Q: 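Got a structure for you, written out below as structure tokens; questions coming shortly.
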Amino acid sequence: MNNVIYMDNNATTRVADEVVEAMLPYLSQRYGNPSSMHSFGGNVARDIARAREQVAALLGCHPEEIIFTSCGTESDNTAIKGTLTMVPEKRKIVTTRVEHPAVLATCRDLERHGYSVSEIGVDRQGRLDIDQIGFRIDDNTAMASVMWANNETGTVFPIERIAEIVKARGVVFHTDAVQAVGKIPLNLKDSPIDLLSLSGHKLHAPKGIGVLYVRRGTRIGTFMHGGHQESGRRGGTENVPGIIAMGKACELAMRYMDEENTRVKALRDRLEQGILSACSDCFVNGDVDNRLPNTTNISFEYIEGESILMMLNKFGVCASSGSACTSGSLEPSHVLRAMGVPFTAAHGSIRFSLSRYNTQEEVDFVIERIVPIINRLRELSPFTAKAAR
Ligand code: PLP
């Protein structure tokens, strides 16, 4: 496993050593239930409070605005369905075509239950037409949900401006910030954002812990009924090790934010430039001027992304493709399709997503290996660049 070159950090991240160290006692000695009356449990409740403060510090919000959940998907579901239950007379949701399935599939399920969903499209660079958001909101609209940063291309939306437009129309605004938190600075103090989702495993905490930020005064229905945990807003005995891990990961994210936006970004740029300058017929997908510092999504025309991934995998290189293998057929991703990326290029798209654990040696290794892979696959392809022209 040590030989793995891991460039798939938008899928999940390595748990930071400091995070493991922080959470371990809660799997062994400190197993008390935070709801217990005795101090053995009470001490754990105090540690959860500290973790809540660490998360709030990263987001620039109040600790009581933080609800711990099990993952980003639960946070998104809670934000959307919890809002709708508070305004049952309103039956419309405004969102975008490039959201993660945690939002899109939720909205499509609501459509089956009589809601109307308005999905705003993007341009060839993956940018939103901001004006469309205002146009689509009407008196029947309960909420708008727009992601902060796209998981596939890294495109960052001007979320504060979008939130302002939505709030000016008196509508609740949620953002899925699962890919943004920890990678770009954000500050919810005085922000128009009502609800925001994040996920631990995208920022070097383990899987199974998420957060929903709920701005003070925002009305949201209880999604998980049960005990009084999370101030009665989400029942269920707390995932204490996960919560402690989340707090520590947020503390570390603050510490490493500058590095993410300088060293990691420089590595990403080196990788991208190295590939683009050595391979023909390839281009970057997404808004290169407004992008997460760790992500590059590159389309290689006329070859299959899966073939590239398999060959990279032989060298221990982990990345992702822009296709999802569904029922035996390789469908290009909904994000690339929404952007209008040509079929021949959408099929050959690869996402590299870096982290603070990557090195320049790894980047150079990937560049060195991928160039002959691309050349070889093009030789084998019935749709080589030349043949297709
Ligand atoms: N939203 C975005 C943008 C994501 O990238 C992901 C995970 O890939 C999720 C939501 C879902 O998060 P989780 O895996 O914690 O459920």
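Start at 1 and go down the list; that is how both ligands and their atoms are numbered. Bear in mind the structure is a predicted one, so any value in this text is a computation, not a measurement.
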Q: Ignoring hydrogens, what is the shortest heavy-atom contact between I67 and E230? Give both atom names and the distance.
A: CA-OE1, 3.4 Å
Q: Just let me know how T73 lines up against ligand 1, side chain, backbone, both or neither, with a heavy-atom cut-off below 4.0 Å.
A: both
Q: Quick one: which ligand 1 atoms are inside 4.0 Å of a heavy atom on Q179?
A: 3 (C), 4 (C), 5 (O)
Q: Supply the atom-to-atom distance H174 NE2 to T218 OG1, rounded to the nearest 0.5 angstrom.
A: 11.5 Å
Q: Taking NZ, NE, NH1 and NH2 as the nitrogens, is one of them in R50 or D47 under 4.0 Å from a carboxylate oxygen of the other?
A: no
Q: Strictly below 4.0 Å, N to O, side chains only: are D138 and R169 in salt-bridge contact?
A: no
Q: Below 4.0 Å from ligand 1: does a non-hydrogen atom of K202 turn up there or not?
A: yes
Q: Taking everything shown except H113 itself, do over 12 heavy atoms lie less than 6.0 Å from its NE2?
A: no
Q: How about Y256 and H204: are their ring centroids closer than 6.0 Å?
A: no
Q: Which residue supplies the protein heavy atom nearest to atom 10 (C) of ligand 1, what is that atom called, and how far is it?
A: D176 OD2, 3.4 Å
Q: Which ligand 1 atoms are under 4.0 Å away from a heavy-atom of S199?
A: 13 (P), 15 (O)
Q: Under a 4.0 angstrom heavy-atom cut-off, which atoms of ligand 1 come close to M147?
A: 3 (C)
Q: Under a 4.0 angstrom heavy-atom cut-off, which atoms of ligand 1 come close to N151?
A: 3 (C), 5 (O)
Q: Could you list the atoms of ligand 1 found under 4.0 angstrom from a heavy atom of H201?
A: 13 (P), 14 (O), 15 (O)
Q: Is there a polar contact between ligand 1 and G72, counting only N or O atoms under 3.5 Å apart?
A: yes
Q: Would you kindly specify which portion of E74 sits under 4.0 Å from ligand 1, judged on non-hydrogen atoms: side chain, backbone, both or neither?
A: neither
Q: Give me the residue, atom name and distance of the protein heavy atom closest to atom 4 (C) of ligand 1.
A: H100 CD2, 3.2 Å
Q: Nearest 0.5 angstrom please: I220 CD1 to T85 OG1, how far?
A: 7.5 Å
Q: Give a yes or no on this: more than 12 heavy atoms of other residues, nucleotides or ligands lie within 6.0 Å of atom OH of Y31.
A: no
Q: If we set the cut-off at 4.0 Å for heavy atoms, which region of V103 has an atom near ligand 1: side chain, backbone, both, or neither?
A: neither
